[in-house]
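Count residues from 1 along the sequence.
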Amino acid sequence: MTDYEIQGPTRVCAATGRELKPGDQFHAVLVEQVGKLVRIDYAAEMWPGSPPDAVAHWSGRVPATDKPRKLVVNDDMLLECFDRLKDSTDPDGMNFRYVVALLLMRRKRFRFEDVIRDAAGRDVLLLKDAKGGTVHQVTDPRLTDDQIAAVQTEVFRVLGWV
């Protein structure tokens, strides 16, 4: 499995170079650059808006470094990330999308409907969105449990949840 080369929160505003301190509001965007997913952080007042090619974007506050954080999963952010990767054909993007789909199933946003085989003989999961009713097709990349855990950790890190 290929490891993602995505930095976690930089705590530095991409527009000004100013350090983002605990309590500061920020915006972050995940974009694909040269086949890699890259996270870019902005101070709230310098946020230029999400670029049209963004995989995902979100906002929050820089946490205090001395307090343990409770993981808060944002289903809408996961769904946006999932949707933006629907046409991805590279292994990293497909693995990322598959694990996001599993997380959405765990959160009961997606419901398993069926499995079909594509022309290449790969299993394709049919997952129904519990809110909108849309049926999504997700290719199963045949990851091991350890690979799924590694990609999940990367998803959480990229989205700033760990």
Same apolar cluster (I L V M F W Y, side chains within < 4.5 Å links), F26/M46:
no
V138 and L102: side-chain contact (heavy atoms from CB on, under 4.5 Å), yes or no, with the steps?
CA-CA 10 Å; V138 181; L102 295 179; over 6 Å; no
Residues passing the side-chain contact (heavy atoms from CB on, under 4.5 Å) test with D53, sequence neighbours excluded, are V31, P51
How far does CZ of F96 sit from CG of D90, to the nearest 0.5 angstrom?
11.5 Å
Per the side chain to side chain donor-acceptor pair (under 3.5 Å) rule, what does the pair list look like for residues 23-33, sequence neighbours excluded?
R18-D24
Got a second to check how far T139's OG1 is from Y98's OH, nearest 0.5 Å?
10.5 Å
Value for CZ (R106) from CG (L104), rounded to nearest 0.5 Å, stands at 10.5 Å
Taking ILVMFWY side chains as joined if any heavy atoms are under 4.5 angstrom apart, and letting links pass through other members, which residues group with V12?
none
Under the ring pair (Phe, Tyr, Trp, His ring centres under 6.0 Å) rule, collect the residues that match up with Y42, sequence neighbours excluded.
W47
Which atom pairs, one a donor and one an acceptor, fall under 3.5 Å between side chains of residues 120-129 and the rest of the protein, sequence neighbours left out?
residue: R122; atom: NE; partner: D118; partner atom: OD2; Å: 2.8
residue: R122; atom: NH2; partner: D118; partner atom: OD2; Å: 2.8
residue: D123; atom: OD1; partner: R117; partner atom: NH1; Å: 2.9
residue: D123; atom: OD2; partner: R142; partner atom: NH1; Å: 3.4
residue: D123; atom: OD2; partner: R142; partner atom: NH2; Å: 2.7
residue: D129; atom: OD1; partner: R109; partner atom: NE; Å: 2.9
residue: D129; atom: OD1; partner: K131; partner atom: N; Å: 2.8
residue: D129; atom: OD1; partner: G132; partner atom: N; Å: 3.3
residue: D129; atom: OD2; partner: R109; partner atom: NH2; Å: 3.4

Would you say I116 ends up clustered with F112 if hydrophobic residues are merged whenever their side chains have heavy atoms under 4.5 Å apart, either directly or through other cluster members?
no
Rounded to the nearest 0.5 Å, how far does CG of L79 lie from CG of L103?
12.5 Å
With rounding to the nearest 0.5 Å, note down the distance linking CG in N95 to CG in L143.
4.5 Å
Flag yes if more than 12 heavy atoms outside D114 fall under 6.0 Å of its CG atom; otherwise flag no.
yes
R11: side chain to side chain donor-acceptor pair (under 3.5 Å) partners, not counting sequence neighbours:
none
With a 4.5 Å heavy-atom cut-off, do D83 and H136 have their side chains touching?
yes
